[in-house]
Amino acid sequence: TGELHEWRGDFTPRFNRLETGDFTIDADDPLRVFLDAPGARVRCLYGDEQQVSGPVQFVEGSLTPDGEVTYSVEGDWRLLQNTLVWVLPDGNLTPVSLSDEAQGIGGRAHYIFPLGVDSAEHVIKHLITVNAVTRLGRPVTVLPNLNRGGNARAAGMLPEARFSTLEEAVADVLAWSGLGLRIWHDGVTPGLLVDVYEPTVWGVPLSVESGVIEPDGKFSTAAPDATRLILGGPGEESARIFWSVADTALEDEWSDVVEVFRDATGAQLEWPDGLAQEEQIPRTFLHRPDVPQAAKNDLIGYLNAAGRKGLEEGAPTAGLSLQLAETETFHYGGPTGVHLGDVLPVTVSGVPFQDHITEVTIAWGPEGCTVTPQLGQRTDDPDEQLAEDLARVQANQRRAAAER
């Protein structure tokens, strides 16, 4: 706070993504005795509102006493990136006896949500609680559930998590519900706090002419990458189950059919007791009269969910990459300002768009502090695109490895 004007750096809080920050101080700054300690933590405040909290993860500096040292900080969102969702969080990882199901749960391939965990908020907080708090014993306080964000169970949005990260498990629920998820350290509470919030939806459209939108922003639209998913389910070669999920309305709208193949081998087939191994042919599973309808419904639900997820990933997109400038009537923070995650309507070249404030850059130096909100995803930023591509590849590899 009081001495920050002597430092130089910037912090970037992000909506439902990892926050980052870098700052530089003189090598002889007395605060280095604290910042150089393992596990040192930093909080970034703008006005009276905390923007980022997290540990120092990387330090680079000069060897000379009159040089500078730069500290890189990762936000506490990293808790989600560094915690896995176990199939049975209160079970053993490795069986300790013949009757110990360990991570099997009766042959089920993913975490099963208890009855009553229905709303988007409850789903998110439940996963964090049972994995980070109960299983790992992390010093995390999850604030009480208020059942915000809609009924995720009824909408078919319960994550099918099997040793994915918490970040991957809650991503679709957050996107579907529109909720924001915040993980922070307030400087007082011994440990991290977790809560969700409902972003404000603003009604007055912004434009370049108003002086709020910087004129060098961009918008983009893209045709669908997938309108029909062909899913390869359990089984091998001629015994394999194949399933199709299509968005025919989208195909009619775009006058196009885009078929995409995707593996979906994670479903567990519950065969009748005593059925000979040579008769356990996956492609016959849905047609056998001795297979319970509930087991068939589980398989159909799994395949449809995998298809729906693929169609969502390949859906047509409309994106914004706009920077916002603070004016006398438009500003970031405070009781009358916009905040991270808020939804703003904008008009660009006569075309209406609506998107979240996805990140905010808070930079300070000798000439003071500047704040630049970002509306929409930076689709033209090669570093951002590379990071997203790598994260997607890692998630796919982790999912494939867990399904083996």
Side-chain angles (χ1 to χ4, degrees), residues 84-118 123 126-127 130-131 135 151-164 168-169 172-173 228-246 259-311 396-404:
L84 298 178
V85 178
W86 283 29
V87 178
L88 188 62
D90 58 352
N92 295 314
L93 184 62
T94 303
V96 297
S97 67
L98 286 175
S99 61
D100 185 1
E101 291 184 313
Q103 297 303 300
I105 309 187
R108 299 300 293 269
H110 54 79
Y111 178 70
I112 305 300
F113 286 86
L115 293 178
V117 180
D118 301 323
V123 167
H126 175 79
L127 280 178
V130 298
N131 286 283
R135 180 172 63 80
N151 193 320
R153 185 185 294 271
M157 292 303 300
L158 293 183
E160 294 187 343
R162 178 182 176 87
F163 294 104
S164 63
E168 293 164 356
D172 287 343
V173 183
R228 189 167 299 208
L229 263 291
I230 307 301
L231 302 162
E236 297 180 0
E237 298 181 351
S238 62
R240 192 172 191 183
I241 296 174
F242 292 98
W243 193 259
S244 177
V245 176
E259 283 190 327
V260 176
F261 181 86
R262 167 171 291 188
D263 282 315
T265 58
Q268 299 293 315
L269 305 184
E270 300 178 23
W271 296 102
D273 292 338
L275 185 66
Q277 185 71 34
E278 60 270 16
E279 294 188 56
Q280 296 181 16
I281 304 172
R283 63 177 169 77
T284 68
F285 185 82
L286 293 175
H287 303 286
R288 292 191 64 96
D290 52 352
V291 172
Q293 188 59 45
K296 296 178 181 179
N297 291 342
D298 284 344
L299 174 61
I300 293 172
Y302 170 83
L303 294 172
N304 282 337
R308 183 175 63 248
K309 182 175 179 61
L311 290 175
N396 289 338
Q397 289 176 336
R398 188 159 41 241
R399 187 181 302 112
E403 290 180 349
R404 290 188 187 126

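- Considering CD of Glu270 and NZ of Lys296, their distance stands at 12.5 Å, rounded to 0.5 Å.
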Solution key, residues 228-240 side-chain donor-acceptor pairs under 3.5 Å, sequence neighbours excluded:
unit_1	atom_1	unit_2	atom_2	d
Arg228	NE	Glu251	OE2	3.0
Arg228	NH2	Glu251	OE1	2.6
Arg228	NH2	Glu251	OE2	3.2
Arg240	NE	Gly233	O	2.8
Arg240	NH2	Gly232	O	2.9
Arg240	NH2	Asp263	OD1	2.6

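- Under the 30°/60° scheme for interplanar angles, the aromatic rings of Phe261 and Phe242 are found to be tilted.
- In this structure, CD1 in Ile281 is found 11.0 Å from CD1 in Ile241, a value given to the nearest 0.5 Å.
- Separation of atoms CD (Glu168) and CG (Leu84) is listed at 8.5 Å; rounding is to 0.5 Å.
- Take Gln293 and apply the side-chain hydrogen bond (donor to acceptor under 3.5 Å, both in side chains) test, not counting sequence neighbours, and it matches Asn297.
- Counting heavy atoms from C-beta on, the side chains of Val245 and Leu303 never come closer than 4.5 Å.
- With contacts defined as side-chain heavy-atom distances shorter than 4.5 Å, the pair Val130/Asp90 does not qualify.
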(request) Please assess Lys309 against Asp172 for the test side-chain contact (heavy atoms from CB on, under 4.5 Å), listing each intermediate value before the final yes or no. (result) CA-CA 9 Å; Lys309 182 175 179 61; Asp172 287 343; 2.8 Å; yes
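- Between atom CZ of residue Arg288 and atom CH2 of residue Trp271 there is a gap of 6.5 Å, rounded to the nearest 0.5 Å.
- Looking at every heavy atom in both residues, Tyr111 comes nearest to Pro89 through CE1-CD, 3.5 Å.
- For the pair Glu160 (side chain) and Tyr302 (backbone), a donor-acceptor distance under 3.5 Å is absent.
- If you take CG on Asn92 and CH2 on Trp86, they are separated by 8.0 Å, rounding to the nearest 0.5 Å.
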(request) Kindly indicate, with the supporting measurements, whether the criterion side-chain contact (heavy atoms from CB on, under 4.5 Å) is fulfilled by Val123 and Leu158. (result) CA-CA 7 Å; Val123 167; Leu158 293 183; 3.5 Å; yes
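- Of all heavy-atom pairs spanning Val85 and Ala161, the tightest one is CG1-CB, 3.6 Å.
- To the nearest 0.5 angstrom, Trp243 atom CH2 is 15.5 Å from Arg283 atom CZ.
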